Each structure stands twice: as C-alpha cells, then as structure tokens.
Amino acid sequence: MALLLMAFAETALAGPSVSSAKELALPQGWSFLNDPSPLLSSRVSKGNNQVSKDAGEKGAGVAKIALPLSSSTHEDATGLWLPLGERTPIAAFRKGTRLVLVAGGRHPLDTAALAGIAPFGAVQSQIVGTTTLVRISCPIDAALTLKPVAGGWTVSLEPSGGSGTMQLGQEGQALTFTPPQVSDAMQVLTFQDPDSGRRLLLGLAQAGSVSDAMARRGDGFEIRSSLVGVVIAADSDALELRQASGKFFLDRIGPGSMPLLSQGKMAAYGASMAGVRLGETSPEALQSAAYHAWIAAATSTAGQRFDARIRLAQEMARLGNGPELAQILQTALEDQPEGIARPDVKRLQQIAAVLNARSAEDLQNAEEGSAPEDQFWRGMVRTVLSGREGSVSDQERAKAAKLIAAGLPSVVSYAQPLRHRLLSPAAEWVVRYGDDGDRVAFRSMPENSETALARALLAAHDHASDAGERLETLSRSASPMVWPVAREAALRLALETGQMPPKTIGERLDALMPAFRMAGREQAARLLSVDAFVKAGEWRKALQAIQDGQQLYGATTFPGRKRFSVVAEGIASYSPDKADDALAEADLLKKAVLAATGDSGIQLNLLKALASRYAVLGLPTAQREALQALWKFQQGDEAEKTNLQIARLNLKTGNLDAALRALPPEAPAGISALPGGHSESSEVALIRAKIALAQHNPQKALGYLQSRAEPEALQMQADILEQQKNWDGAVAVLKNLLQPLLSGQNVAQSSPLTSTESDLVLRIGADASRAHDDATLAALGKQFAARMSGQPSAAMFQLLTGGKLSSLPAGG
C-alpha cells in the first residue's frame, strides 16, 4: 500500500509494521504502516538512531532515517503522508471534523488499513475525473499543518507556522490571490462540494492559505478559509477563477456583468449572503430605482408581490428612509409571514431598527453570516439597545464596537443617503467604546464631514495637540446633534488635562443638560459632572448631580457603585460650619441613604455624614436615630464608639434608661480588681457617673470615678466633692491635676501661668483655705508666687497664700 501513517508519541511503538520496516532502527516513538522508503532521506537528524546494516531487502537501499516533520513531545501527535507525487498542487479546507483535500492528477490510494486508527477516524480516497479527492476525519479542535514532503503531502496534527498566507488584492474588477511562493504548478479546476453539493472554484497550489480574516461572503460567492490553495463556493455561473502570472483571479464574466465589489474598491468589500444591495449610485439613479420599485410592487401579481415589496424595501434602505422601510416590511410580512426566514428580510429588518432607533433583541442575537457586513449590522442593532438603556454593561458596548469595526469599511460603499445616516454614529461608537485594534479600522478611513466628529473625538482620546481646536470648531456647528457632543468632549478633555477648574466644568455641564439630552448624551454628561464636582471637592453638588441622574435612570444603574462610594466617602469626611449648609445636605443625605439600599458600605458613610449634619443643627433626637441606623452596619471598636455617642445623646435628652442600655454590660463589683479583670474605658465610666448624678446618686458616681486618673474624671470628682463640701477630698483630687505643673522642668520655670492653669491654682487654694490646710497654701505660695505675678488674680492668690486674708469658714 502507498499510504503511510506516521504516529509519534511518548509511549512505546504501536501499530503494525511490514517486513520492509521491521529491521529498521527507528527513532523512539515512531511507527510506520506500509513501506516507509519514500519518506526516508540519506541524512540523519541529530540524535536519531541509524538504520541497522542488516536491514531487510526492501529497506536495504535506505541507510539512515530523518524525520519529515518536526518532532513533537505531545501525546497523540499524529500525521499522515499522502503519496500524491512530486510538485502536485492541492487545495485543502476544513469542514467541522473533516479535512477535504483535492489534488491535481489521478493518484490511487489504498486506505483500507487506515480505518479507525486514532486520532483519525477514517480516511477516504476517490478519483474524480483528472483529480483526486481525499477526505480525512480529525478532531474538530486539532491544528492541522500540510506540507509537501518526499513525493507527496503530509497532514500533521500539530501547530505550525505553515507556508504563509495568500495575499488578497484587486486588479480592475477582479480579486487576486497571490501565493507566498512563485510556482508553475498552479492549477484551477471546478469541483462539486462532496458535502453541500455547491460548485467550488479551486485554486490548487503548493503553498499559501486563506486565513479566517479573508473568509468573506459576496453577492453569489463565498471565499472560504483554507489550509492550502484557494477555495471559493460559487452560486453564480457568471463567476470564474483563473490563474495567470503566478496569481489566481476571481472575476465575473459576460457582457454588462456587475463588479464583484459594489463600488469597485477593496475597502468596500464585505457584502454578505443577505442579498441586499446597498451600493452607491447617482441621486437620479436612486430616485429612479425607487420609483420603478413602487410601480413594480403596485402592479405585481399575487405570487410576485412579496419579492417586489422586498425590492422596494431595499430601495427605501438605500435612501435611508427608515419609516417607509419599516412600513413596507410590516405590510409584506403580514401577507406572507413565512418570509421572515429569508436572509434579505432579516437584513432589512436590522436596517429599519437602526434607522428608526428601535431596539429589537431578536435581531441583535441573530448570528446569520460571519462576513464583515453581517457583523457590522449586528453591532449597529446592539447600539440601539446599548445607547438607550443604562443597564447595558461596558462589556456589551465593547462587543458592539468590535462588530461595527469589523465591517466599518463596508459603509463607505453604501448609497449616500444611507451612508450619511450610518457613518457618523458608527464611527463615533467605535471611537468611544472600541479598543486600539478596533480604532485602526476607523483611522484608515478618509476624513470628511461625515467622520469629522469621530475624528475630533479620537483626537481628544489621544490627547492630540489639535484636539481642542477640532472640538472648538465643531462646537460652533448649527446641528443640535453635533455641537453638544463636541462641547461635552471639550469639557471632558479640559477635566482630564486640567485646562479648566473642575467646579467650572461641572457648572457648565449642568447648564447644557437640555442640549445633551437632545443629542443623546445626557447620561454621559451627568456622569461627567459628578466626576468634575468630585475632583473639585464639591461634595454636596456631586451628591445633587447623582440624585438628579437617579431620577432619570434609576438608583440601580446611576452613577455606578464606584462613583457613589467616592462621593459617600467624601461627604462623610467633613462637617459644614453653617447651619444652612447642614440643613441642605441633610435633606440630600436622607434621599441618598434610601437610594443606596442594599450597599452597606455606601450607606455607612452616608449615615455618618447625616449624623454629623444633625449635630451641627442641634437635633439630638434625629442624630440619635441616624447613629442607631449606622450602628447596624458597624462592628468592633467603630460600633462601640457609635454606642457611646448614642448613650451621650440619650443622656442629653434625659432618657437615662436608654443611655444605660446603649452602654456595655456593667461588670459585677470587684471583677476589675481580679487578675485579668477588664477595666471600663474612661468614656464609659464618665457616662455612667453622669447618669448616676442625673439620678441624684453622687456616691455611686464617685464609685465609677474612683481610681480614674484622666483629667475629665478628676474634674468631675472634684465637682462632686465640692458639692458635698468635702474640701479635703477635693484638694487631694485637684492636686493630681496640678502634677503636670510641678513635674520636671516646670518646677523651675518662671514663665507666667496660663489663665486655665492660674484658675486651677486658685481653685486649689480656695478649697485648701476652706479645709484650713495651711501646709497646702504655703506650698502653693512657694511654688507659684513668681509665676502668678502679673496675673489678674495675683492679688487674690497673695491673700490666700500670704496670710493677709483670714481663712474662709469651713462652710464657705
């Protein structure tokens, strides 16, 4: 048999081997089926084993072995060698799990022994006329590589750079395919697709493939992707494929034939199988075609009426007349509902949806056709839904931009009325939501009035030096669909580059909202105003801008969690000084808390801000309610701090029981004195003492303050002791407050005391005088006489400590 199977893997040798190959010392991991002699060269690859000198007779003429394919370490990497003769051109393409290969010449192949050998399911060979057809089953996701080797072709299940791709070009009205290697073995033939029965125009070659990017559909033909050669499925008998001067030419034949491309330009290529011709022609020809289409639709018979109406709808599409197009389609489909399945009807429905800005989800999900023009219209249908609904994600917008960019050059060939309606919004969408790869398709397009706005937006995106000038020019346009878009882009650029104060940008955007609404840019402008006020630190205006947008677009979609979080943190970071400002912000914050339902992080910051506004306004009850709502979102130390604030507010309003409930549970007496016992914080102890005082229990209050050394606790103890006329106790407590003035270098200091310090010294002196504590008075006089000099209270201090003033009575 002449067919050779080469299977190379990391496992042991597998598969049958005839006597011609039995004695060959083969490289590890290879096995041969049938006679391998045609594949074996006279050279040995580095590291390969040499053939045994006593090989069998059939293999005696072979001295060494070389791998015809690059070695692979992947398991199940497998190849087939097809002995199709020297310099035989082929055309090969994939269809699902089947590789179809057509070779020039008659080549008998014995494939009986290859049935069911993994990973190839089956290999079938058939001689058809002067050609040979080979069909090979292979994994659908396998990468195939075809190479001419040793008087035949190898089919390898491994990725490879291949031999290059065909170069697509145009000469006159014909498309050209140029192989990467010049060869005189090129051949053209007509073949019938064994699967679909379509007429195939095949360009057989020894090198060169058609990539997926070149696989397009035109009017009556389809260029398929291929592994080798050119494969064109032709539905029209007027198409021919010929080869000359090292190229393949695809062209129409016959007098008065239409060009392959609607405008004869390569950039316009990409028409799909939909069969809707939207090509450019003169205005007079457009009007004439529409007139005759009206006559034909009105006078056609019942059997021809649907087709006539669809032709009329096509003319309305070329004229960019969306309402008439939609009405004609509706009438046609009411009479013949089954016509909805036709590709041209679906395409016209897509055009009507885009021209009339009416979303149609069934049309945007339609996946018929993969040509650039098909992708363009699917993308444009998506823009109708994406442009009007804030719930559409950025990912969906980016997907629409990619689809539009794939077929954007097709629009250049459309009739002028339709092109005028489509080109500007399509290009703008690609610039706004596409990536750098998508924008390449637009950058290569000619600059004219229809692309001027998109060009200016692209310049602003790139921060080009002339971006401001372009946008300023367009902002003076009379069109209400142009100048607001340009003005918004100019303000956005100014915010990004710092050319204008952010606060000014936000205020200008607010003033232009009606114009942005008319141009379909209101939502984007409102988001930009939020960003501007955030950058300016105008948190109240930013929150107001958010609430204005939420009234229009809903709290779930506007302005997005990230922006809302930033504004919530910002407005919680400060507290206004004026009551009027606090009142205005409190009203905004109450609405914002409701709008943020379900997002604890945002609600937490908004409640913090709301509580601080109530504090400024002096509304303890409202502040307490805000803090109680805030406490539900907090944990740990933050929750404890909020509880203390609630307790203080309850104490302030006289709700003593509620104040006690807000405090942590009180530990039993003596627990804190035990090893490891927990001592309450100074804040908690002070609040408990104040509650006890409010309950007219000063002794209990002193119990909470006992052994507390914090200044506020000492002050409170002194106040209670003085109220009880316990002057000795008060002096003892107040002396603790005096220690900082007596410690370290303060003892030797002669600088005057502050008013607070002098008041403390006088207070101790007065209590000591009432307690008849002469020792304390003498010590005060010695320590602070010099430092009290010049103070307004110096004379009183001198009387207290100098003995010139009789001691105050114990009852004070």
Side-chain angles (χ1 to χ4, degrees), residues 168-176 213-223 236 238-239 250-252 256-290 293 311 313-322 325 343-344 347-348 350-352 354-355 369-381 403-430 438 440-452 454-455:
L168 179 62
Q170 184 177 6
E171 292 186 12
Q173 296 182 354
L175 296 180
T176 63
M214 297 165 59
R216 305 173 180 174
R217 289 187 175 95
D219 188 8
F221 68 94
E222 174 192 5
I223 301 175
S236 172
L239 287 170
L250 177 64
D251 200 357
R252 296 188 190 275
S257 61
M258 296 291 293
L260 288 175
L261 308 182
S262 58
Q263 201 178 11
K265 295 180 180 179
M266 196 67 199
Y269 185 68
S272 68
M273 287 185 65
V276 180
R277 293 195 177 109
L278 306 172
E280 176 72 290
T281 186
S282 65
E284 295 79 9
L286 277 176
Q287 295 296 334
S288 177
R311 285 193 296 272
Q314 175 182 280
E315 298 306 322
M316 292 298 104
R318 296 171 74 193
L319 289 171
N321 192 333
L325 169 59
D344 54 347
R347 173 54 44 78
L348 291 170
Q350 288 177 326
I351 298 173
V354 173
L355 293 179
S370 59
E373 189 180 19
D374 297 322
Q375 299 180 54
F376 172 81
W377 283 108
R378 285 204 300 273
M380 289 300 293
V381 171
L403 291 170
I404 294 171
L408 193 59
S410 303
V411 184
V412 179
S413 68
Y414 286 174
Q416 194 278 334
L418 181 59
R419 185 178 68 241
H420 179 73
R421 294 285 307 275
L422 293 176
L423 189 53
S424 181
E428 182 181 338
W429 193 275
V430 171
D438 301 329
V440 170
F442 172 68
R443 292 181 191 274
S444 61
M445 297 184 68
E447 186 169 359
N448 51 40
S449 60
E450 294 168 339
T451 61
R455 289 281 179 186

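Predicted model, so just to flag it, every value in this text is computed and none were measured.
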Scanning both residues in full, the closest heavy-atom pair of P417 with L286 reads CD-CD1, 3.7 Å

Nearest heavy-atom approach of A405 to V430 is N-CG2, 4.0 Å

Check Q314 against L348 and note the closest heavy-atom contact, atom names and distance. CA-CD2, 3.9 Å

Looking at I351, L278, V354, which one forms a side chain to side chain contact (heavy atoms under 4.5 Å, CB included) with L422? V354

Can you find a heavy atom in the side chain of R311 that is under 4.5 Å from one in the side chain of E315? no

Do Q287 and L319 have side chains that approach each other closer than 4.5 Å (heavy atoms only, starting at C-beta)? yes

Whether T451 side chain and A454 backbone form a donor-acceptor pair below 3.5 Å: no

Supply the atom-to-atom distance L418 CG to N321 CG, rounded to the nearest 0.5 angstrom. 11.0 Å

List the atom of H420, the atom of E450, and the distance in Å for their closest heavy-atom pair. CA-OE2, 3.6 Å

Contact summary for R318 and A415, nearest pair of heavy atoms: O-CB, 3.5 Å

Please identify each residue that fulfils side chain to side chain contact (heavy atoms under 4.5 Å, CB included) with R421, with sequence neighbours left out. L355

A426: which residues meet the side chain to side chain contact (heavy atoms under 4.5 Å, CB included) condition with it, sequence neighbours left out? F376, M380, I404, L408

Check: Q350/R347 side-chain N/O donor and acceptor closer than 3.5 Å: yes

Applying side chain to side chain donor-acceptor pair (under 3.5 Å), name anything that partners E284, two or more places apart in sequence or on another chain. none

